[in-house]
Amino acid sequence: MKKSIAIICGGGPAPGINTVISTLAKTFLKDGYQVLGIHEGYKGLFSENPSIEYLDFHFSDRIFSRGGSSLIMSRFKPKDSDFKVDFFAKYNIKLLVTIGGDDTASTASRLMKFLKKNNLDVANIHVPKTIDNDLPLPDRNPTFGFHSAKDEGVRIGNTVYEDARTSQNWFVLSAMGRSAGHLAFGIASACHYPMMIIPEMFNKTTITFEKIINLIISSIVKSKIYNINYGVALVSEGVFHFMEEDEIKNSGINFTYDAHGHPELGNVSKSHIFNYLLQVKLKEIGFDIKTRPVELGYELRCCKPIAFDLTLCTLLGIGVKKLFNEGASGCIVSANSNGDISPLYLKDFEDENGKVPPRLVEIESDMVQLFMNHHLRYVKEDDYELAKKFVSNPEIYDFKKILNWI
C-alpha cells in the first residue's frame with residue numbers, strides 16, 4: 001500500500017496556511033507519497049466518513065499564494081475517547097502534519113501516544129501559526145501569518161487615518177490579539193497613530209475601561225494643544241482578557257452571557273464598545289467631538305500572504321520534510337533568523353503548570369519606548385496649564401499617571 005501523509009488545520013485562519021499545504025504536498029509527492037488533506041481538523045479526522053482532499057500537484061500549485069485555507073478548519077478539541085486508529089491504518093499514514101496553535105499541538109501529542117499504544121507507527125510534526133505573534137519562538141522569530149495580517153491592517157489603518165485627517169474626526173480602532181499587543185503595536189506604529197493601547201502597557205496597574213478612555217482623551221487634549229483636531233486611537237482587544245470580569249459586567253454594555261455566566265466577548269465589536277464609552281465621557285466633560293469605531297478583526301485573517309510569509313511558509317513546509325527524514329516526531333518545526341530548520345517541543349515552551357505562556361510585547365524595549373515617547377501624543381505634567389483650556393482637571397489625563405509609570 002502506498003505511503004501517505006495527512007494534513008489537518010486547527011483553530012482560526014492565518015495568511016500562509018495554503019502556502020504550507022501546497023509546499024508539503026509538492027515536496028512529499030516528489031518522494032512518492034500520497035498526500036491527504038482532511039477537512040474540519042480533528043473533527044473530520046475522527047468522523048465516520050472523513051472529507052478527504054487528495055492533493056495533487058495541480059491543486060497544490062493553484063493554492064500556494066491564496067489567503068484562507070483550502071482545508072476547512074475546526075476548533076474541535078477531541079477527548080481521548082474520540083481517538084480512533086481506523087483512518088491511519090486504512091490509508092497507511094506515516095506522518096500527520098498539524099497546522100495550528102498550541103491546543104492543536106498538544107492534542108496531537110496525546111493522539112501520538114494513543115496510536116503508539118495501538119501499535120501504529122505514525123510521526124507528527126506541527127507547524128505553528130497565529131496572527132497574534134504570541135508564541136515564544138526562539139530568536140523572537142515571528143509566527144507565520146503575523147506580517148501579512150499586519151500589512152493588511154496597515155493598509156486599512158492608513159485609509160482610516162486619511163479619513164480622520166480629511167473629515168477632522170477621531171476614529172477608535174480595535175485590533176485582534178487575544179493576549180498580546182503585537183498586531184496593534186505593529187499597525188499603530190506603522191500608521192503613526194497618536195494613541196495606542198495594548199495590555200502590556202498596564203504592567204503597573206489594573207486595566208479598567210476608565211483608564212482606557214482617559215488615555216484616548218489624553219491624546220485628544222494634547223492634539224488640541226497642538227491645534228490638531230483629528231486622530232486615531234488603536235486599542236488591542238487583548239485588554240479584555242486581562243480585565244476583571246466585574247469590570248466588563250458593570251460597563252453598561254449589554255453583553256450576552258454563556259452557560260457559565262461569562263460575557264461572550266466574541267459576539268460584540270470591541271471598537272464599538274470603546275467608542276460608545278468614549279462618547280459618554282466626552283459629553284460628560286463637554287467635548288463636542290465626533291468619533292467613529294472601526295474593527296480590525298476577521299478582515300485580517302484570510303488576506304493573501306505577503307512575500308515574507310510566502311517565503312517563511314515555504315521554508316517551514318520543506319522543513320517538515322527535513323525533520324521527517326531525520327526521524328523527528330512530536331515536535332514543532334522552527335526556522336531561525338538564518339533560515340536553519342530545527343525541531344522544538346512543547347516542553348520547550350511550557351511553564352511549570354504545563355501552559356504555554358504568550359510572548360508579549362517588550363514594553364521596555366527601545367522600539368516600543370521610542371515610539372511611545374516620540375509618536376504618541378498625550379498629556380504630560382508640562383502640559384497642564386495649556387490643557388486647562390480644554391479640561392478642568394488635566395492631571396486625570398496624564399498618560400504616565402494613568403499607567404502608574406511615575
Test item: Ser219 side-chain N/O and Arg377 main-chain N/O as donor-acceptor pair under 3.5 Å:
yes

Please name the pair of heavy atoms, one in Phe371 and one in Ser189, separated by the smallest distance, quoted to 0.1 Å.
CE1-CA, 3.3 Å

Other residues, nucleotides, ligands: >12 heavy atoms within 6.0 Å of Lys84 NZ:
yes

Under a 3.5 Å distance rule, please check whether Ser218 uses its side chain to pair with a backbone N or O of Asn214 as donor and acceptor.
no

One should read off an interatomic distance between His147 NE2 and Leu183 CG, to the nearest 0.5 angstrom, of 11.0 Å

Over 60° means perpendicular and under 30° means parallel, so classify the ring planes of Tyr33 and Phe324, tilted if in between.
perpendicular

Of all the heavy-atom pairs spanning Asn404 and Lys204, show the shortest one and how long it is.
ND2-O, 3.1 Å

Checking side chain to side chain contact (heavy atoms under 4.5 Å, CB included) between Ser148 and each of Ile306, Ile131, Leu312, which is the one that passes?
Ile306

Hey, does Leu111 have a side-chain heavy atom less than 4.5 Å from the side chain of Leu96?
yes

Check whether any side-chain heavy atom of Phe57 lies under 4.5 Å from a side-chain heavy atom of Lys26, and answer yes or no.
yes

Anything under 30° is parallel, anything over 60° is perpendicular, the rest tilted; go ahead and classify His182 against Phe146.
perpendicular

Salt-bridge contact Asp134-Arg178 (side-chain N to carboxylate O under 4.0 Å)
no

Does atom CD of Glu247 have more than 12 heavy-atom neighbours from other groups under 6.0 Å away?
yes

Is the backbone of Glu395 close enough, under 3.5 Å, to the side chain of Lys401 for a donor and an acceptor to pair up by distance?
no

For the residue pair Phe209 and Phe240, does the interplanar ring angle fall in the parallel (under 30°), tilted (30 to 60°) or perpendicular (over 60°) class?
perpendicular

CA sep, side-chain torsions, deciding dist, call: Ile217, Leu282, side-chain contact (heavy atoms from CB on, under 4.5 Å)
CA-CA 8 Å; Ile217 293 175; Leu282 289 173; 4.1 Å; yes

Are the side chain of Gln369 and the backbone N or O of Ile363 linked by a donor-acceptor pair below 3.5 Å?
yes

Please report the shortest heavy-atom distance between Val239 and Ile198, naming the atom on each side.
CG1-C, 4.2 Å

Checking Tyr230 against Asp163: is there a side-chain donor and acceptor pair closer than 3.5 Å?
no

Looking at SG of Cys331 and CG of Asn124, how far apart are the two atoms once the value is rounded to the nearest 0.5 Å?
7.5 Å

Return the CG to CD1 distance between Leu278 and Ile273, rounded to the nearest 0.5 Å.
13.5 Å

With side-chain contact (heavy atoms from CB on, under 4.5 Å) as the test, would you mind laying out the steps for Ile7 and Ile99 before giving the verdict?
CA-CA 8 Å; Ile7 307 168; Ile99 304 172; 3.9 Å; yes

Over all atoms of both residues, closest heavy-atom pair of Gly319 and Val333:
C-CG2, 3.9 Å

Return yes when atom CG of Asn49 has more than 12 non-hydrogen atoms of other residues, nucleotides or ligands closer than 6.0 Å, and no otherwise.
no

Is it true that, when you exclude Glu244 itself, more than 12 heavy atoms of the residues, nucleotides or ligands shown sit nearer than 6.0 Å to its CD?
no

Would the distance check show the side chain of Arg359 and the main-chain N or O of Asn133 forming a donor-acceptor pair, the cut-off being under 3.5 Å?
yes

Looking only at non-hydrogen atoms, find the nearest pair between Ser70 and Ile63 and report the distance.
OG-CD1, 3.4 Å

Go through Val85 and Asn119 one step at a time and tell me if the side-chain contact (heavy atoms from CB on, under 4.5 Å) criterion holds.
CA-CA 10 Å; Val85 300; Asn119 301 314; over 6 Å; no

Measure up the His375 and His192 rings against each other and bin them: parallel (under 30°), tilted (30 to 60°), perpendicular (over 60°).
tilted

Evaluate side-chain contact (heavy atoms from CB on, under 4.5 Å) for Phe28 paired with Leu55, printing each intermediate quantity in order.
CA-CA 10 Å; Phe28 278 88; Leu55 303 177; over 6 Å; no

With rounding to the nearest 0.5 Å, note down the distance linking CZ in Arg75 to CG in Asp103.
9.5 Å

Between Asn275 and Ser271 (side chain of the first, backbone of the second, donor and acceptor by atom type, cut-off under 3.5 Å), is there such a pair?
no

Is it true that Phe46 and Phe76 have ring centroids separated by less than 6.0 Å?
no

Distance check, rounded to the nearest 0.5 Å: Leu24 atom CG versus Ile5 atom CD1?
5.5 Å

Is it true that a side-chain atom of Thr166 and a backbone atom of Glu162 form a donor plus acceptor pair closer than 3.5 Å?
yes

Is it the case that the side chains of Thr23 and Lys321 hold a donor-acceptor pair, with the cut-off being a distance below 3.5 Å and no angle test?
no

Which heavy-atom pair separates Asp139 from Ser337 by the least distance, and what is that distance?
OD2-OG, 2.7 Å

Note, Lys113 side chain near Phe83 side chain (heavy atom, < 4.5 Å):
no

Is it the case that the side chain of Tyr42 and the backbone of Thr104 share a donor-acceptor pair, with hydrogens and angles ignored and the cut-off at 3.5 Å?
yes

Compute whether any side-chain donor of one residue and acceptor of the other, for Ser74 and Glu40, lie under 3.5 angstrom apart.
no

Could you give the distance from NE2 (His39) to OG (Ser69), rounded to the nearest 0.5 Å?
8.5 Å

Would one find more than 12 heavy atoms of other residues, nucleotides or ligands at under 6.0 Å from atom NZ of Lys43?
no

Is the shortest distance from a Lys or Arg side-chain nitrogen in Glu152 or Arg301 to a carboxylate oxygen in the other one below 4.0 Å?
no

With no hydrogens and no angle check, is any side-chain donor or acceptor of Tyr397 less than 3.5 Å from a backbone partner on Val391?
no

So, is the end of the Arg110 side chain (NZ or CZ) under 6.0 Å from the ring centre of Phe114 and within 45° of the ring's axis?
no

Is the number of heavy atoms from other residues, nucleotides or ligands within 6.0 Å of OH (Tyr276) greater than 12?
no

Measure from the side-chain N and O atoms of Asn325 to the backbone N and O of Lys322, and report whether any donor-acceptor pair falls under 3.5 Å.
no

Hey, is Glu284 close enough to Lys281 for a salt bridge, meaning N to O under 4.0 Å?
no

